[in-house]
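Only heavy atoms go into these numbers, but all of them, side chains included; no hydrogens, no water, no symmetry mates.
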Amino acid sequence: MSRLLRVLLVEDNPADAELILRELRHAGFDPQWERVDTEQEYLAQLHPELDVVLSDYSMPQFSGQRALRLLQDSGMDLPFIIISGTIGEDLAVEAMRQGASDYLLKDRMARLGLSVTIALEKRRLRKESEVYFESMRQSEHKYRQLFENLAEAAFLIDCTSRRILDANLSAADLLGKSRTEIVGMDEAKLFAPELAAAVVGKLTGITEKTSRGQWLDAVVVTKDETMVPVQISVTPLVLYGRELVLAMMTDIAARKRQEDGIRESGEK
């Protein structure tokens with residue numbers, strides 16, 4: 001079954017245009033086409049629903065170089081293939097450098113079908129990449145909003161290197177450090193030295209078991225070396241193909257003081 005191909009032919013010779021269309025049909029395409037040979041006609045027929053522009057390089061009233069520039073100025077992502085009987089190798093290379101998808105000589109059009117197929121596939125991949133990266137950008141925006149708005153101090157830790165990849169403003173406030181100072185830190189540097197190995201071991205164990213909702217108590221060290229007791233909630237996750245752990249810490253110093261006060265009252 002033939003594949004529909006919406007083609008804009010920039011060609012002043014009707015006989016050459018028919019040769020191009022015949023080659024496209026031979027390659028399995030069903031061309032739906034318009035032929036133009038002036039700038040005014042070209043601009044009137046140029047639209048994003050096209051699949052490909054096939055252009056001669058040199059014509060009495062127009063040129064392939066000008067057609068390519070107008071296409072680029074329009075912002076449309078359309079394959080542009082030069083088919084010419086006069087273009088030299090230097091001009092062809094320059095046209096490719098300026099954004100043409102390919103060039104063919106009119107007396108050697110056997111690979112036209114392949115050239116069009118490759119150009120269409122590259123365009124499809126570009127569109128898929130744009131959709132993917134836009135999705136990633138939106139996901140990143142949502143993640144950033146959620147991460148920043150957490151009341152708890154939040155740290156995103158790489159499971160392989162055990163280094164901190166990100167920290168929110170609450171984390172910076174807890175440690176008395178800037179985010180620049182926190183990002184890249186070894187996870188163990190967060191905690192009191194005598195407890196660091198044990199805490200990191202527990203965090204690593206939770207990650208490997210992919211258990212969620214785990215809590216543990218620890219003591220973090222601030223920039224001025226104050227020891228702050230915290231309760232840590234650990235959630236393993238996969239983000240952008242990387243195994244990470246989200247550690248959220250709650251300052252429990254006030255609770256500890258209250259517990260100590262109750263304990264002391266009970267001992268009296």
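A salt bridge is defined here as a Lys NZ or Arg NE, NH1 or NH2 lying under 4.0 Å from an Asp or Glu carboxylate O, and E148 with R179 meets this definition. R22 has no carboxylate O lying under 4.0 Å from a charged side-chain N of E18, or vice versa, which leaves the two without a salt bridge. A salt bridge is absent between D30 and R3: the closest approach of a Lys/Arg side-chain nitrogen to an acidic carboxylate oxygen does not fall below 4.0 angstrom. Between K106 and D16, at least one side-chain N (NZ, or NE/NH1/NH2) sits under 4.0 Å from a carboxylate O, which counts as a salt bridge. Here D158 does not pair with R163 in a salt bridge; the nearest charged N to carboxylate O distance is not below 4.0 Å.
Rounded to the nearest 0.5 Å, atoms CG (L54) and CD1 (I20) are 6.0 Å apart. The CG atom of L68 sits 8.5 Å away from atom OG of S101, with the distance rounded to the nearest 0.5 Å. Considering CZ of R66 and OG of S55, their distance stands at 12.5 Å, rounded to 0.5 Å. If you take CD1 on I157 and OG1 on T160, they are separated by 12.5 Å, rounding to the nearest 0.5 Å. Rounding to the nearest 0.5 Å gives a distance of 11.0 Å between CG of L8 and CZ of R35. Within the model, atoms NE2 of H47 and CE of M76 stand 8.5 Å from one another, a figure rounded to the nearest 0.5 Å.
Crowding of R69 atom CZ: a count of heavy atoms from other residues, nucleotides or ligands under 6.0 Å not exceeding 12. E34 CD: 12 or fewer foreign heavy atoms inside a 6.0 Å radius. By the neighbour-count criterion of 12 heavy atoms within 6.0 Å, atom CD of Q32 is sparsely surrounded, having that number or fewer from other residues, nucleotides or ligands.
A heavy-atom distance below 4.5 Å is not found between the side chains of L246 and V234. Q231 has its side chain out of reach of D251: every pair of non-hydrogen atoms, C-beta onward, lies at least 4.5 Å apart. A heavy-atom distance below 4.5 Å is found between the side chains of V230 and V228. When side chains are defined from C-beta on, I82 does not count as touching D102, because their heavy atoms never get closer than 4.5 Å. The shortest side-chain heavy-atom distance between P236 and E243 does not fall under the 4.5 Å cut-off. Side-chain contact check for P60 versus D12: some heavy-atom pair is nearer than 4.5 Å. In this structure, the side chains of L104 and I81 come closer than 4.5 Å at one or more pairs of heavy atoms. Residues Q61 and E39 fail the side-chain proximity criterion, which asks for heavy atoms closer than 4.5 Å.
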Steps toward salt bridge (Lys or Arg N to Asp or Glu O under 4.0 Å) verdict (D77, R126):
CA-CA 9 Å; D77 181 16; R126 281 197 303 273; 2.6 Å; yes
Under the side chain to side chain contact (heavy atoms under 4.5 Å, CB included) criterion, do V10 and E41 qualify, and how do the steps go?
CA-CA 9 Å; V10 187; E41 291 174 338; over 6 Å; no
Run the side chain to side chain contact (heavy atoms under 4.5 Å, CB included) test on F62 and D37 for me, step by step, so that the C-alpha distance in whole Å, both residues' side-chain angles and the decisive distance to 0.1 Å come before the verdict.
CA-CA 6 Å; F62 200 26; D37 61 5; 5.8 Å; no
Could you go through R162 and T204, starting from their C-alpha distance and side-chain angles, then the distance that decides it, and tell me whether this counts as side chain to side chain contact (heavy atoms under 4.5 Å, CB included)?
CA-CA 9 Å; R162 305 310 302 187; T204 304; 3.6 Å; yes
Side chain to side chain contact (heavy atoms under 4.5 Å, CB included) between L24 and W33, worked out
CA-CA 11 Å; L24 289 173; W33 58 279; over 6 Å; no
Could you walk me through whether K223 and E181 satisfy the salt bridge (Lys or Arg N to Asp or Glu O under 4.0 Å) test, starting with their C-alpha distance in whole Å, then the side-chain angles of each, then the deciding distance to 0.1 Å, before giving a yes or no?
CA-CA 10 Å; K223 188 172 184 177; E181 291 175 296; 2.9 Å; yes
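Each of L169 and I182 belongs to its own hydrophobic cluster when Ile, Leu, Val, Met, Phe, Trp and Tyr are linked at side-chain heavy-atom distances under 4.5 angstrom. L150 and L244 end up in the same hydrophobic cluster when Ile, Leu, Val, Met, Phe, Trp and Tyr side chains are linked at under 4.5 Å. When hydrophobic clusters are built by joining Ile, Leu, Val, Met, Phe, Trp and Tyr residues whose side-chain heavy atoms come closer than 4.5 Å, directly or via intermediates, L43 is grouped together with F80. Note on L175 and I252: separate hydrophobic clusters, where clusters join Ile, Leu, Val, Met, Phe, Trp and Tyr whose side-chain heavy atoms are under 4.5 Å apart, directly or indirectly. Connection of V116 to I118 is not established within any shared hydrophobic cluster, with ILVMFWY side chains joined at heavy-atom distances below 4.5 Å, either directly or through further cluster members.
When all heavy atoms are compared, the tightest approach of A67 to Y42 is O-OH, 2.8 Å. Here the closest heavy-atom approach between residue P79 and residue R123 is recorded as CD-CD, 3.8 Å. Nearest heavy-atom pair, A153 versus L174, reported as atom, atom and distance to 0.1 Å: CB-CD2, 3.8 Å. Across all their heavy atoms, I232 and A218 have their closest contact at CD1-CB, 3.8 Å. Closest of all the heavy-atom pairs between L9 and A17 is CD1-CB, 4.0 Å.
The backbone N or O of G113 lies less than 3.5 Å from a partner atom in the side chain of T117, making a donor-acceptor pair. In this structure, Y57 contributes its side chain and Q65 its backbone to no donor-acceptor pair below 3.5 Å. S74 contributes a side-chain N or O that, together with a main-chain N or O of L71, makes up a donor-acceptor pair within less than 3.5 Å. Using a distance-only test at 3.5 Å, with no hydrogens or angles considered, a donor-acceptor pair links the side chain of E11 to the main chain of N13. At least one donor-acceptor pair closer than 3.5 Å links the side chain of N168 to the backbone N or O of F147.
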Name every donor-acceptor pair, under 3.5 Å, that has one atom in a side chain of residues 188-201 and the other anywhere in the protein, sequence neighbours excluded.
none

